[in-house]
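For reference, the structure is listed below as structure tokens.
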Amino acid sequence: MELPQFNPTPGNDSASAADHQLNDSVARIRVLVGDITSLDPSLGIDAIVNAANESLLGGGGVDGAIHRAAGLELRKHNQTLGGCPTGLAKGTPAFGLEKQGIQHIFHTVGPIWPPEDQSEQEQAAMVPGAPIDDSAKLGYTYADTLLASCYMQVFALAVQHNIEHLAIPAISTGVYRFPKPRAARIAFGHAHGHLLRAEIPNKITFVCFSEQDAAYYHDAINTRGQWMVSRGRI
Ligand code: AR6
């Protein structure tokens, strides 16, 4: 899908440099449809992200697929980690996935959307009186903040482990029911923000399980000028 072009201000060197950096940051992000446990090794992906639960001991969805592919060694290793709170992340070796060139798995625990209990829902609103459903402004619910935290934690691990190419599934959008277009904006927004400031990882690939899921990411990218908080250009 075509990305909108930026229009550098002619004759303004610093504006041109800034635009170049912004274009470059978006160009380092890819969206791919597939199974995150069987990516083509020629992509050079050296770390993948797991959408785990707080036990870190495996489950369904992408977590189940990653545990199956990595093998029982991963579960044994994770039994020593003491779990992981929602919004945080922990890194492990990739065990059985190492033969595909993957060295690390970054397990992160996304938020459940929406909390089923009304009083929990009220607590989940970041701003008093703000709606707590998908009509809430992006960033106004506690779940938005927790999902953003997952991405920031994962990027911090990528920097720590000097990752070249990081693959990330759509955290929280399966069993945990986070609205997919909203989650795609949070994922892209934070990836873009990180890549603007950091050289590591060099590339980020969002791995979607269906064409429809990928379309949410393409839409988030193509419409970023409309929904991202703008401090000048994005
Ligand atoms: N590769 C890429 N994406 C996948 C794959 C795969 N192999 N399998 C599923 N997806 P989910 P969550 C997509 O439910 O919502 C687990 O039981 C899927 O289509 O895996 O964060 C954990 O143990 C969806 O878009 O994770 C937790 O208990 C996305 O991955 C709970 O589910 C995330 O769906 C976590 O729920």
Side-chain angles (χ1 to χ4, degrees), residues 29-41 43 45-72 74-79 81-90 92 94-97 99-102 104-116 124 134 141-154 165-188 190-191 204-221:
I29 296 173
R30 289 274 178 280
V31 181
L32 193 143
V33 178
D35 178 343
I36 204 165
T37 63
S38 52
L39 297 169
D40 187 339
L43 292 170
I45 287 165
D46 46 351
I48 62 171
V49 172
N50 182 19
N53 58 54
E54 289 191 342
S55 78
L56 296 185
L57 300 180
V62 71
D63 192 14
I66 288 174
H67 273 264
R68 277 192 299 280
L72 273 179
L74 175 61
R75 189 181 156 88
K76 264 195 215 158
H77 178 90
N78 284 8
Q79 280 167 341
L81 298 181
C84 178
T86 300
L88 301 187
K90 288 187 178 177
T92 69
F95 299 106
L97 282 162
K99 55 183 180 295
Q100 296 179 36
I102 296 164
H104 305 273
I105 304 170
F106 302 144
H107 307 262
T108 189
V109 185
I112 299 172
W113 178 289
E116 272 154 12
D134 195 18
T141 77
Y142 189 43
D144 292 340
T145 309
L146 287 172
L147 187 58
S149 170
C150 289
Y151 285 100
M152 290 188 289
Q153 288 264 316
V154 158
H165 191 169
L166 178 67
I168 316 180
I171 301 162
S172 278
T173 63
V175 173
Y176 285 176
R177 303 186 305 267
F178 205 101
K180 291 184 176 193
R182 188 177 187 95
R185 288 180 176 193
I186 292 171
F188 168 74
H190 285 275
I204 293 173
T205 292
F206 290 112
V207 182
C208 300
F209 217 31
S210 70
E211 293 284 351
Q212 178 58 66
D213 289 355
Y216 295 128
Y217 279 83
H218 287 300
D219 187 60
I221 296 169

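Both counts, for ligands and for their atoms, begin at 1 and track the order of listing. Numbers here are sequence positions counted from 1.
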Taking atom OG1 of Thr173 and atom CG of Leu147, what is their separation to the nearest 0.5 Å? 9.0 Å
Atom 29 (C) of ligand 1: the protein heavy-atom neighbour that sits closest, reported with distance to 0.1 Å: Ala170 O, 3.2 Å
Using heavy-atom distances, let me know which of Val175, Ile112, Val207 sits nearest atom 14 (O) of ligand 1. Val175
Distance from Ile186 atom CD1 to Asp144 atom CG, nearest 0.5 Å? 4.0 Å
Please indicate whether Leu81 has more than 12 foreign heavy atoms, meaning atoms of other residues, nucleotides or ligands, lying under 6.0 Å from its CG. yes
With heavy atoms of Ala65 as the reference, note each atom of ligand 1 found under 4.0 Å away. 7 (N)
Could you tell me whether the side chain of Pro111 reaches within less than 4.5 Å of the side chain of Phe178, counting heavy atoms only? yes
Is Val62 in polar range of ligand 1, meaning some N or O pair under 3.5 Å apart? yes
Any atom of ligand 1 sitting under 4.0 Å from a heavy atom of Ser172? yes
Heavy atom of the protein closest to atom 36 (O) of ligand 1 (residue, atom name, distance): Tyr176 CG, 3.4 Å
Residue, atom and distance of the protein heavy atom nearest atom 24 (C) of ligand 1 read Thr173 OG1, 3.3 Å
Sub-3.5 Å donor-acceptor pair from the side chain of Asp213 to the main-chain atoms of Cys208, do we have one? no
For ligand 1, is Gly34 a contact, meaning one of its heavy atoms is under 4.0 Å away? yes
Between Gly60, Gly64, Pro111, Gly110, which one has a non-hydrogen atom sitting closest to atom 16 (C) of ligand 1? Gly60
Taking atom 18 (C) of ligand 1 as the reference point, the nearest protein heavy atom with its distance: Phe209 CB, 4.4 Å
Any Leu97 side-chain heavy atom under 4.5 Å of Leu74 side chain: no
Just to confirm my output: which protein heavy-atom neighbour is closest to atom 15 (O) of ligand 1, and how far is it? Gly174 N, 2.8 Å
Minimum side-chain heavy-atom gap Arg68-Thr37 below 4.5 Å: no
Atoms of ligand 1, numbered as shown, that sit under 4.0 Å from any heavy atom of Gly59: 17 (O), 23 (O)
Does Ala51 approach ligand 1 within less than 4.0 angstrom via side chain, backbone, both or neither, non-hydrogen atoms only? both
Are Asp213 and ligand 1 in contact, using a heavy-atom cut-off of under 4.0 Å? yes
Taking both backbone and side-chain atoms of Asp35, is any N or O found less than 3.5 Å from an N or O belonging to ligand 1? yes
Classify the ring geometry of His107 against His67: parallel below 30°, tilted from 30° to 60°, perpendicular beyond 60°. tilted
Taking N or O atoms only and a 3.5 Å limit, does Asp63 qualify as a polar contact for ligand 1? yes
State, yes or no, whether a side-chain contact exists between Leu32 and Leu43 at a heavy-atom distance under 4.5 Å. yes
Looking only at distance, does Ile36 have an N or O less than 3.5 Å from an N or O of ligand 1? yes
Find out whether Trp113 and Pro179 are in side-chain contact, i.e. whether some heavy atom of one side chain is under 4.5 Å from a heavy atom of the other. yes
What's the separation between atom CD in Gln153 and atom NE2 in His190, rounded to the nearest 0.5 Å? 12.5 Å
